[in-house]
Amino acid sequence: MKKFFALMLALCLMLACGACVAEETAVEAKSEGVMTYAEYDAAAMDAEVVLECYVQATQSWWDNKITVYAADQEGAYFLYEMACSEEDAAKLVPGAKIKVTGYKGAWAGEIEVMEATFEFVEGGINYIAEAVDMTALLGTEELIAKQNQKAAFKGLTVEKIEYKNGEPGDDIYVTLGLNGASYSFCVERYLTAPDTEVYTTVGTLQAGDVVDVEAFVYWYEGPNPHITSIVKAAQ
Amino acid sequence: MMRLAKRMLLMLCLAACLVLTGCHGAQETSAFEIPEAFDTSRQYEITFWAKNDTNITQADLYRKAIEDFQAIYPNITVNLRLYTDYGRIYNDVITNIATGTTPNVCITYPDHIATYLTGDNCVVPLDELFTHEKYGLGGSEVLFDAPTQAEIVPQFLSECAFGGHYYAVPYMRSTEACYVNKTYVEKLGFTLPEKLTWDFVWEVADAAAQQDEEGTYLVNGQKVMIPFLYKSTDNMMIQMLRQKGAGYSTDAGEILIFNDTTRELLSTVAEHVKKGAFSTFKISSYPANFLNAGQCIFAIDSTAGATWMGSDAPLIDIAEDKLVQFETAVMTIPQFDPEHPQMISQGPSMCVFNKDDPQEVLASWLFTQYMLTNDVQIAYASTEGYVPVTTKAQQSDNYQDYLARAGEDNEHHYIVKMQATQLLLDNVGNTFVTPVFNGSASLRDAAGQMIEEVTKGIRRKKTVDDAFITELYSKMNSLYRLDQDKGGTASGKKDLGPLPVTARLLIAALVFTWAMILLYMARDGIKKRKLLKNKQ
């Protein structure tokens, strides 16, 4: 019995270790000359930055440029109007690994990579970040550290839905409430176009509805997450 | 059997003819001719691509104008598509010219129309429409009280003429204003002059960039301060060059911008960026947000952005707890020679796109004309620091009453907006526009980009010297293709050289098809005549 018990324990230990190792290998080491997220975070404004990251979503391609929501396992990046051909834009699918060179900048509080160029990294893993529940961070100073990450916000009450131009077609400004405070969210039309489910769902919401939201933690003069998913919460 | 073969031949010829002429029509529309009369028995559906300044009141006013117009012309339906960016309209129009799906009416800049004109007969010249007895401006058959041509402010109208024709009508006009935090200027020990000069602005901006050892700015006690922030750097360069009497371009499209004055101006910008005194919208964000947070002293933006400026602005984009109370002065942009101020004239114009159906074009023109009526002009101009483009609207009792009530409230008569409007009304004679030609939009982009590049260069710790600027000139020339011959005038008419082989083949096929049809008909006629003779 003891032998059997010891064997089982050893097996469990091996499996646990194996799982740990597997998880660790999922975090790919950065190539030479590439910054870690911590180094990027610490870099001065206007400094040149070199990153390896994974595409999470893109805004619509236009004029040989594309805006990308990107992440690695440590943090997230907003690649604003990155130079990109239409052909390459089609390959910037969620999970794709890219190496990006650009300049760190801040625009209305949003930390972004400006004037970026990129190349695809072949042979890397595909990585799509899970949305992390940040409901408790709303209204706190800590949220800014999570900028551009995929977040989940749960149990928020719809206060106001406002189309930018007064009718569907452009961005939608969404005000959601929690514990007596109001928070600004946005349905960014170049991320989730008027024909997407998110856009149409938001159009059907009424003040008072309780919703669960997933969004990229974008910043415009304060938190202004870009909604990627919205569902009525179970009552 | 022979008869069947002949029929087949005829059908093939006809089909080929239809296909080929169909192709031909998709690429080229014949020049518009004004119909004898507007056919009100038919229904027309036209599209209008409009631009608003992220201001929902403006979007609502477009909708109201359409509703009112449709009540007068129930047989015309206007479909509105709204943009908040001229660049996007421009891009979409270019794309739709290629597919023959342009809108009917479009808000635009004259610079952009110059590019649209490279499509043959794509934009309707408006000269004859302006003066047409029945459907012209204020014409006898127009069913609303439209302005006459003489009632459009001549300077604004002249901005829509190029290549010897009018291709647009002005819709609204604005200029740039410098919105000043007067409280901070005085706190720094300066007194605002009657007219701003560049020297004064740079001097105050440098002083405002002073920080203590902990990086806190002395003037506002905050960690952020951009003393001088410019929204549109293309306007900045264009106006500085104009005020200096330096080259930008000739009317014919010769590029003159890469000169010593530009070099000197860029060096001055670099010098003040180094001191932390200057930044731009593209690099930092909206001047209004920094101004209202007490983080900017000189914010230069359009008079059409006035409702966002100042502590009591009706439109605010920053959190309430970031708002700072200060006195706002609305001034003309800085000048090199304040005795002879010069500033840009800007604002939306409207052009009409040509279609195969002249009646549809006439319907589009009637709608365009409706946008110049007093109701539309006054209502829209009042949303921002715009000025109506007709003297008929400007001199109307309604508009005069509106101006007289400046500062009565912080919404419709918001004082900063009204002062911005008055600034343009007082300076119409001091405004100018740049020459319009195929490529002028690119030149404008390059003018602004040079300031952006110099500013970024300094911020990125690069050496901005003569060598940097020389390289920048070369980069701009190539990036915006300014070294290429664009064909000079805006009329879009230039010698394009011999036709390409495909076009020549197409024409040959058309000629062959028609020849075959005629041959067949002639042969058939002769045969019938012979048969007839034989019977006789």
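Here is the naming used below: chain letters follow the sequence lines, and residue numbers restart at 1 for every chain.
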Residues of residues 103-113 of chain A within contact distance of chain B, non-hydrogen under 4.5 Å: A/Tyr103, A/Ala106, A/Trp107, A/Ala108
Atom of A/Gly166, atom of B/Arg63 and distance for their closest heavy-atom approach: CA-NH2, 3.7 Å
Contact leader toward chain A among B/Ile283, B/Asp317, B/Ile318, where contacts are heavy-atom pairs under 4.5 Å: B/Asp317
Under 4.5 Å from a heavy atom of chain B, the part of A/Glu115 involved: side chain
Atom NZ of A/Lys30 with >12 non-hydrogen neighbours under 6.0 angstrom: yes
Heavy atoms of other groups near B/Lys274 NZ, more than 12 under 6.0 Å: no
Interchain contact, A/Tyr163 with chain B, by part (heavy-atom threshold 4.5 Å): backbone
Interchain contact, B/Arg81 with chain A, by part (heavy-atom threshold 4.5 Å): neither
Max heavy-atom pair count under 4.5 Å with chain B, selected residue of A/Glu167, A/Met114, A/Glu48, A/Met45: A/Glu167
Flag if over 12 foreign heavy atoms under 6.0 Å of NZ, B/Lys275: yes
Atom NZ of B/Lys475: over 12 foreign heavy atoms under 6.0 Å: no
B/Lys282 bridged to A/Glu81 by N-O distance under 4.0 Å: no
Over 12 non-hydrogen atoms of neighbours within 6.0 angstrom of OH in B/Tyr90: yes
Gap between atom CG of B/Leu82 and atom NZ of A/Lys164 - 0.5 Å precision: 10.5 Å
Full working for side chain to side chain contact (heavy atoms under 4.5 Å, CB included) between B/Thr84 and A/Asp170: CA-CA 9 Å; B/Thr84 47; A/Asp170 213 314; 4.2 Å; yes
Part of B/Phe290 within contact of chain A (heavy atom distance under 4.5 Å): neither
Residues, nucleotides or ligands: over 12 heavy atoms within 6.0 Å of B/Glu471 CD: no
Sole residue of B/Asn52, B/Ile56, B/Asp60 in side-chain contact (heavy atoms from CB on, under 4.5 Å) with A/Asn165: B/Asn52
Name of the residue among B/Lys456, B/Lys462, B/Arg459 meeting salt bridge (Lys or Arg N to Asp or Glu O under 4.0 Å) with A/Asp46: B/Arg459
Proximity breakdown for B/Lys461 and chain A, heavy-atom pairs closer than 4.5 Å: neither
